[in-house]
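Per chain, numbering begins at 1; letters A, B, ... match sequence-line order.
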Amino acid sequence: MVEAASFRGDFPILQRRIHGQPLAYLDSAATTQKPRAVIEALTVFYEQHNANVHRGVYTLSEEASALYESARAKVARHLGADSPRSIVFTRGTTEALNLVAAGWAGSRLRPGDEIVATEVEHHSNLIPWQMAARHTGASLRLARLGADQTLDVGHLLSLIGPRTRLVAVSLTSNVLGTVTPLGEIVARAHAVGARVVVDAAQAAAHLRFDVRALDCDFLAVSGHKLYGPTGIGALYGKPDCLEEVEPVQGGGGMIEWVEAQTARWGPLPARLEAGTPSVADAHALGAALDYLRPRMEEALRHEQRLTAYALERLLAVPGLTLFGPKKPVLRAGVFAFNLPGVHPHDAAELLDGQGVALRAGHHCCQPLMRRLGVTATLRASLAIYSSTEDVDRLVAGLSTVRAALAS
Amino acid sequence: MVEAASFRGDFPILQRRIHGQPLAYLDSAATTQKPRAVIEALTVFYEQHNANVHRGVYTLSEEASALYESARAKVARHLGADSPRSIVFTRGTTEALNLVAAGWAGSRLRPGDEIVATEVEHHSNLIPWQMAARHTGASLRLARLGADQTLDVGHLLSLIGPRTRLVAVSLTSNVLGTVTPLGEIVARAHAVGARVVVDAAQAAAHLRFDVRALDCDFLAVSGHKLYGPTGIGALYGKPDCLEEVEPVQGGGGMIEWVEAQTARWGPLPARLEAGTPSVADAHALGAALDYLRPRMEEALRHEQRLTAYALERLLAVPGLTLFGPKKPVLRAGVFAFNLPGVHPHDAAELLDGQGVALRAGHHCCQPLMRRLGVTATLRASLAIYSSTEDVDRLVAGLSTVRAALAS
Amino acid sequence: MSQDLYRATVLEHSRHPQNTGRVAHPTHQARAANPLCGDELEVTLRLTGQHVEQVRVAVRGCVISQASASLMSVIVQGHRADEARRWAGQWRSALEGEADLPPDLESLRPLLELRNHRSRTGCALLAWVALERALGQT
Amino acid sequence: MSQDLYRATVLEHSRHPQNTGRVAHPTHQARAANPLCGDELEVTLRLTGQHVEQVRVAVRGCVISQASASLMSVIVQGHRADEARRWAGQWRSALEGEADLPPDLESLRPLLELRNHRSRTGCALLAWVALERALGQT
Ligand SMILES: Cc1ncc(COP(=O)(O)O)c(C=O)c1O
Ligand SMILES: Cc1ncc(COP(=O)(O)O)c(C=O)c1O
């Protein structure tokens, strides 16, 4: 038995009942639930400190600016960045990756240059590179899925060559639950002078990592998958890499000097944050990290045990097809699977009737779905507050689904 | 006497004390304070309905999606748009204007084409057009400030000609407090086949307008200046105009079909909202509009009276230089001014010591500042919760500032 | 509501769908797909004058889209093309808005539960979208 | 705190600033600007060997930047260039971080209130930034 009781009480939504049943929330890979401390941080901000940032002189604006910058420092610390100046706030992973695609690749790549990504990527770590390639004339090469349903790292390494300028890869897959071994990839990329951008959307809350140790050039995360609010995320960049990113939005807060026809950009990271930022959401993301960091070790241990438990239980469901690796050591708590003869949307619908919330669909990974030979799957995913009971209820629910629907 | 008592109680932050004094918040043009209903909407969302949108099948995701789309409908109603499909959620006005600049102008303008904007614009409605012009080879022409310190509309009209493709203008200036008469501008622009994009950041909460009546093609607003949270805003576009906007970000939620090298975009407005949106902030913006709309008439009446009162009191301060028009009928509740021999930052600092919060600086309008012959000004701005007492305390504070600092 | 939905006639129709497959020599045909789940469906028709003589639907999809396709075929077969078009519009209005079901579409009522269930309305519309497309052909 | 700040020696120095204007034949000079408010300032120096013989500051700015410029000129004049550079760094560390003031900079203490007041630290640093730039010239 693995218990999460100490965390569960911190998440008010887990008291919700769905169709008369307690909520078993198994869609944390889509978005995590929020601890009370995060929700309260929003309230405190708006009731006590709300003002625009950008250095208003008066007390409230000083406070709002200080909270905003302190959140930046917390994100830097969580990712292991040397300096808060390496952190650009964005709406989420998608905006962060697009910022690199438009602001870095868009202005630096030339025909003949190559971007290397993978078939396993979320659309947010694929379409921006398609767009950058189309825009610049560079070409996009995708590493394939191996026969073992994990990324074929050997193939990825073989794609990195003298023309490679950028390698884009996720740290944790949102479908396979795999964790990409980045060490050799980064080394190879750097050896040919390419930059590496890491999609850490799924990793940020569930894996211990450090941008210094990874030695990646850019890394993207979403606050809402990190127990923080929607509307905030971050791009980490090494200082010299961020310096190479051209602003893609112009406006207030990012300039030093403006003439009628031209403007001189201000310093980083503000240069890449045009307009009023998501001040309150940034502050609440800081509160999420304050919540998570002292609990991180215990949380990861809990998630690992629960991952092993869920894997065992799911693999025991008759006929169930699990995608991705079957060994717990290799995987995060994300499980994509199907039941024979049952459409995933029907299954998700019937499970919802029992209070079990999980996702059905392509999970923004259409190319990967095609490789797996399906159009959609069910997906259950775990977080700090997930419990064995959630898993048990999923497994029990799957039996009733089969009974009701399987042909 | 003008009283705002009925509204003030709805805004918890107005209970704050600053240096032992009650808060007189006079920086609503930078960001408005939030009514309790908005703060509670965030809490209710995260405690009851939080899930990712993009059509998860289960109850929570259905609820989150419904709340998000219902907020879109409320924004559409507030702006007078025919359909929620005309509303694209963005982080704020800046992102909305940049979306038109990069997604519309960036892909449609050619060398020889002209963009017309004005010297009065906020950097967020100027730099995106500088960038689009540089990017496409189009040229940017700026209408000048008239001798009466309002936009020279005659000059603006004279700049609109056969090469004009886009006219970008603000509805309410965040420095002069002027309201731009858009009727003739829009008519002239349309007569030459140009699109009109309106920066309504300052107007959205303080002016009654309607995109149908304005007949503009695009219009941008910020939630945080509309009693809503930070991190959310909107771009309105006529359906055929939005159709012309190329996505500038790729990712989850905006596609219909993804291959390895290409993707087919999905329908509007999702096509222009890549990645997980600011779901909770959108919902809370909806709550802000629910709060504002039944009170709108009373609020505007209150703000108009208070504007007249503030104008009279400020003009009576010895030596004070007020920028922009001096007649209340012509202006919104935004007052940029200076005291002779007093640096605006020093004044703002001393006023803060008395609990009076107002902004000092260039207000993201450096070109306008140069036209006005200053580098910075003080700025006081009003909202639904502002009171005569706030104005009185400002005026009293200005005397002590003068006594302390004027040379 | 989910359980009810799946227990109703819906499940019957998905288990024993009517008019599946393809019409031998169709005069009209069209496909529709649901990008959310990748479901696909093809409607083939044989019209004689304005009369829908025969309808067949080939579905790869969820219970809802299967049931909706089967019900659609039963409703439409043997009726006039303009009626079929009108019913498609009425069904859309009922599902996406507040409109009530006309008597001719009474058999679809169990699927009307999807009204507050935006993620699945596409499944219940899929066959009708394909039908509209097929009838739109000249 | 604002009131205190403005009541202190600060105001005195801004009212009666020391060493204003320009050195007649400067050996070193530099400008600095605060983009936030447009304030500008020029430091001119005459060095004899490593010795800061004369300092003058021409300021158009707020009380804080004026007072800070005046205090800087008094502190630095007559001292060695490397000391002046060190003081500039120490003042920055004190203002932007937690470092304590060294005894030589004691006269700047009233301005240390700006530590928690990020919007104004630039004003208190402006003259020192220009000084560093001027001394950076070879
Ligand atoms: C692996 C991965 N990358 C990117 C994203 C996009 O994140 P967001 O939607 O927060 O921008 C997600 C989440 O949906 C994801 O799982
Ligand atoms: C006139 C005007 N335009 C644009 C903006 C930019 O709005 P935001 O910072 O919310 O993107 C502002 C506010 O700062 C403004 O006053």
I would like to know whether Gln33(B) and Tyr46(A) meet side chain to side chain contact (heavy atoms under 4.5 Å, CB included); could you show each step before the answer? CA-CA 8 Å; Gln33(B) 296 303 340; Tyr46(A) 287 122; over 6 Å; no
Would you say the side-chain atoms of [X] pair up with the backbone N or O of [Y], donor to acceptor, closer than 3.5 Å?
| X | Y | value |
| --- | --- | --- |
| Thr94(A) | Ala274(B) | no |
| Gln366(A) | Val258(B) | yes |
| Gln261(B) | Leu140(A) | yes |

Side chain, backbone, both or neither of [X] within contact of chain A (heavy atoms, under 4.5 Å):
| X | result |
| --- | --- |
| Arg16(B) | side chain |
| Leu358(B) | backbone |
| Tyr25(B) | side chain |

Name the orientation class of the two ring planes belonging to His135(B) and His135(A) (parallel below 30°, tilted from 30 to 60°, perpendicular beyond 60°). parallel
Output the distance between atom CD (Gln249(A)) and atom CD1 (Ile127(B)), rounded to the nearest 0.5 Å. 11.5 Å
Should [X] and [Y] count as side-chain neighbours, where that means a heavy-atom distance under 4.5 Å?
| X | Y | value |
| --- | --- | --- |
| Arg359(A) | Asn52(B) | yes |
| Asn50(A) | Thr31(B) | yes |
| Gln130(B) | Glu259(A) | no |

Give a yes or no on whether Arg371(B) atom CZ has more than 12 heavy-atom contacts from other residues, nucleotides or ligands under 6.0 Å away. no
